[in-house]
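Whatever order the structure lists them in is the order used to number ligands and atoms, beginning at 1.
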Amino acid sequence: MADRPTLPSPLIGYGEDSHRLAEGRELWLGGVRIESERGAVAHSDGDVILHALSDALLSAFALGDIGSYFPDNDPKWRGLESRVILEVVLQKVRESGYRLLQLVAVVTLDRPRLGPHRVEIQQNLAALTGLPERRVGLTFKTSEGLAPDHVQCRATVVLEPLPEKQGEKG
Ligand code: C5P
Ligand code: MG
């Protein structure tokens, strides 16, 4: 076939994260501190939404995962804020010539109820990613008692090429 310019296509990415819940820990979701008797046991702030989102973004470009850049067995990264991880990952997205178009996240947690915090988490994720709030979809599920000591997030992202990169090879 004759040489045809390859248009960069939209990309999707998927990520997951889980943490055990324990008393005396804080619960952070999407960069928002949630009032809760228990929080995530983690070296970092244990924010499953920001971790799943960061992995989803890296996966779209086959750039490995968070641990490729911030190994959790390296004391240097102990207590690292998830917000910082997301900033580094979003910079890689821009360098790849893409921008985030949509984010959907499903959080599984039995208690507390997250519905009352939906708007605050949505607004914070929009601020962190530059997305409009209507492109930040949040679904909350219980585990129906199957995993009461567990918080989990599954996140999907859709990305589109930056306008100035259209026509370049992807
Ligand atoms: O898991 P289940 O389908 O029974 O959850 C029912 C509803 O409870 C969800 O659709 C969601 O609106 C809400 N929910 C919540 N916070 C959670 C879990 C579920 O607000 N931690
Ligand atoms: Mg149900």
Which of the numbered atoms in ligand 1 are below 4.0 angstrom from a heavy atom of Glu144?
4 (O)
Nearest candidate to atom 21 (N) of ligand 1, where distance is taken over non-hydrogen atoms, out of Leu29, Thr108, Leu109
Leu109
May I ask you to check if ligand 1 and Arg111 share an N or O to N or O distance below 3.5 Å?
no
Tell me if a side-chain donor or acceptor on Arg25 pairs with a main-chain N or O of Arg38 at a distance below 3.5 Å.
no
Under the 3.5 angstrom rule, does the side chain of Asn124 hit a backbone N or O of Gly30 as a donor-acceptor pair?
yes
Step by step, work out the side-chain hydrogen bond (donor to acceptor under 3.5 Å, both in side chains) result for Glu95 and Gln91.
CA-CA 6 Å; Glu95 284 163 10; Gln91 180 59 28; 3.2 Å; yes
Heavy-atom nearest neighbour of atom 13 (C) of ligand 1 within options His117, Arg113, Lys141, Arg118
Arg113
Is there side-chain contact between Val107 and Thr139, with heavy atoms separated by less than 4.5 Å?
no
A student checking ligand 1 against Pro112 at a 4.0 Å heavy-atom cut-off should list atoms 21 (N)
Near Leu114 (heavy-atom distance under 4.0 Å), the atoms of ligand 1 are 15 (C), 16 (N), 17 (C), 20 (O), 21 (N)
Check for a donor-acceptor pair, side chain of Asp45 on one end and backbone N or O of Glu81 on the other, with a separation under 3.5 Å.
no
